[in-house]
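Structure first, commentary second.
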Amino acid sequence: MIKRNNINILAHRFSVAPMMDWTDRHCRVFHRLMSRRARLYTEMLTTGAVIHGDRARLLGFDPSEHPVALQLGGSDPHDLATAATIGEDFGYDEINLNVGCPSDRVKDGRFGACLMAEPALVAEGVAAMKRVVKIPVTVKCRIGIDDQDPEIALDVLARGVVAAGADVLIVHARKAWLNGLSPKENRDIPPLDYDRVYRLKAAMPAVPVIINGGIADIAEAKQHLAHVDGVMLGRAAYQDPWRLLAVDSELFGESAPHATMKDVFAAMMPYIEAQLAKGTRLHAITRHFVGAFHAVPGARAFRRHLAENGVRSGAGADVLRDAIALVGERVPASIAA
């Protein structure tokens, strides 16, 4: 098995992207029930939140989520090292540094995509984390920002962080235009340049390179795997979670944990009931299920029932059971494609 700094390349062959307000602990438990192999990521947490905030609330996760990575936002090497140590102590399998988020809040805080303009500082942060943790330290970046030449900007950042010890590079194959576009627009308007990521991999063959950005399905993921080591899905995995049912079989040659989405929900019920007993609102969990039954008869009725009843105070697991009962048994052919 090919390894780099104790990295098993297959460990990053497929992952679900960290997404603010989406990939919380409930979402990750749901995704894990569809794939044993997918690598899962937390929402980005700032170093300040990790160091000074309510760690149990922010960092806690269910053991079933492994392998799961903590994504950090920050730029101060000392704070990054401190936060990485805390993450490792909590049991995370990887620390990922965000050098790609284009939000205004991130820019003002000197972390995220704006750090593409400070590759030396990013490398310092990576080196500081590598000195204090034993788990992998990875970097997620863009191909450049604003007026940067992606041929130069990505190469400089990549070589700097690899020299500092980064174990894996995850590249969103778009620029971030920090001047002129909103965060939402930055997810779609800057053109995708997959070839730039392929060239990075060709130039650094010993470094695991993962591609991200606009990848629609598992079939497309397979095409990218002819050029890079791994694929990270974002919105496609979240908005159409049924796609994850094909990951283990299509990308790893293994059977999925559960054959159908109804089986997934049956397996998730004990978790949901345990969370409800702790005071978690049902909607906090079921909001991640909207796209679960894409193209299956009854999907609209399923969504409507959850929307109308899942938000009510005191809503219990029976609301979800009743919603599932409205759905037919047919599995979309696209799941197997």
Side-chain angles (χ1 to χ4, degrees), residues 16-36 38 40-43 45 54 56-66 68 184 217 233-248 255-336:
V16 177
M19 292 174 280
M20 294 295 293
D21 299 321
W22 288 4
T23 52
D24 64 16
R25 65 179 72 184
H26 310 309
C27 174
R28 298 191 304 265
V29 168
F30 178 45
H31 286 174
R32 175 60 66 219
L33 287 170
M34 287 176 274
S35 170
R36 297 184 184 92
L40 306 179
Y41 286 75
T42 69
E43 304 168 88
L45 293 174
D54 182 345
R57 179 179 65 82
L58 293 170
L59 295 170
F61 63 92
D62 191 86
S64 69
E65 295 176 37
H66 288 295
V68 58
K184 183 178 185 299
D217 52 37
L233 257 66
R235 282 171 289 168
Y238 184 87
Q239 295 172 345
D240 297 315
W242 51 271
R243 297 185 187 279
L244 299 179
L245 287 169
V247 167
D248 291 4
S255 60
H258 302 284
T260 70
M261 190 59 71
K262 286 195 174 185
D263 293 336
V264 169
F265 282 126
M268 193 162 181
M269 281 299 177
Y271 172 84
I272 293 172
E273 290 171 341
Q275 288 294 314
L276 294 176
K278 294 177 182 179
T280 302
R281 290 176 61 91
L282 181 67
H283 178 66
I285 304 173
T286 59
R287 69 188 184 93
H288 302 300
F289 302 162
V290 172
F293 290 107
H294 173 81
V296 176
R300 182 176 298 178
F302 168 82
R303 293 193 299 269
R304 184 186 303 116
H305 190 83
L306 287 184
E308 293 175 353
N309 300 284
V311 297
R312 294 178 180 174
S313 178
D318 283 343
V319 170
L320 178 58
R321 291 190 181 94
D322 291 343
I324 294 169
L326 299 171
V327 180
E329 295 292 342
R330 182 171 60 86
V331 176
S334 51
I335 286 180

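Along the sequence shown, residues are numbered consecutively beginning with 1.
Between the side chain of Asp318 and the backbone N or O of Arg321 there is no donor-acceptor pair closer than 3.5 Å. Proximity of a side-chain donor or acceptor of Arg25 to a complementary backbone N or O of Arg57 within less than 3.5 Å is detected. The backbone N or O of Ala38 sits less than 3.5 Å from a side-chain atom of Arg32, completing a donor-acceptor pair. Side chain of Asp248 to backbone of Arg36: a donor-acceptor contact under 3.5 angstrom is found.
Atom CZ in Arg281 sits 12.5 Å away from atom CZ in Arg287 (nearest 0.5 Å). To the nearest 0.5 Å, atoms CZ (Arg243) and NE2 (His294) are separated by 6.5 Å. Atom OG1 of Thr280 sits about 7.0 Å away from atom OH of Tyr271, to the nearest 0.5 Å. Of the inter-residue distances, the one linking Arg304 atom CZ with Asn309 atom CG reads 11.0 Å to the nearest 0.5 angstrom. Considering CZ of Phe289 and CD1 of Ile272, their distance stands at 4.5 Å, rounded to 0.5 Å. One distance of note links NE2 of His288 with CG of Leu306; it measures 12.5 Å at 0.5 Å rounding.
Across every non-hydrogen atom of Arg28 and Thr23, the tightest pair is NH1-O, 2.9 Å. Among all heavy-atom pairs drawn from Val16 and Ala237, the shortest one is CG1-CB, 4.1 Å. Between Asp263 and His258, the closest heavy-atom pair is CB-CB, 3.8 Å. Annotation for Ala315 and Leu276: closest pair O-CD2, 4.1 Å, computed over non-hydrogen atoms. The shortest heavy-atom contact between Glu43 and Met19 is CG-O, 3.4 Å. Of all the heavy atoms in Ala17 and Gly234, the pair that sits closest is CB-CA, 3.8 Å.
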Go through the steps for Lys262 and Ile324 under the test side-chain contact (heavy atoms from CB on, under 4.5 Å), then give the verdict. CA-CA 7 Å; Lys262 286 195 174 185; Ile324 294 169; 3.9 Å; yes
Check the pair His305 / Val319 against side-chain contact (heavy atoms from CB on, under 4.5 Å), numbers first and verdict last. CA-CA 8 Å; His305 190 83; Val319 170; 4.0 Å; yes
I would like to know whether His26 and Phe30 meet side-chain contact (heavy atoms from CB on, under 4.5 Å); could you show each step before the answer? CA-CA 6 Å; His26 310 309; Phe30 178 45; over 6 Å; no
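Looking at His31 and Tyr238, their side chains never bring a donor and an acceptor atom within 3.5 Å of each other.
Note: Phe302 and Phe293 have perpendicular aromatic rings, judged against thresholds of 30 and 60 degrees for the angle between ring planes.
Residues Leu33 and Pro257 form no side-chain contact, since every pair of their non-hydrogen atoms from C-beta on lies 4.5 Å or further apart.
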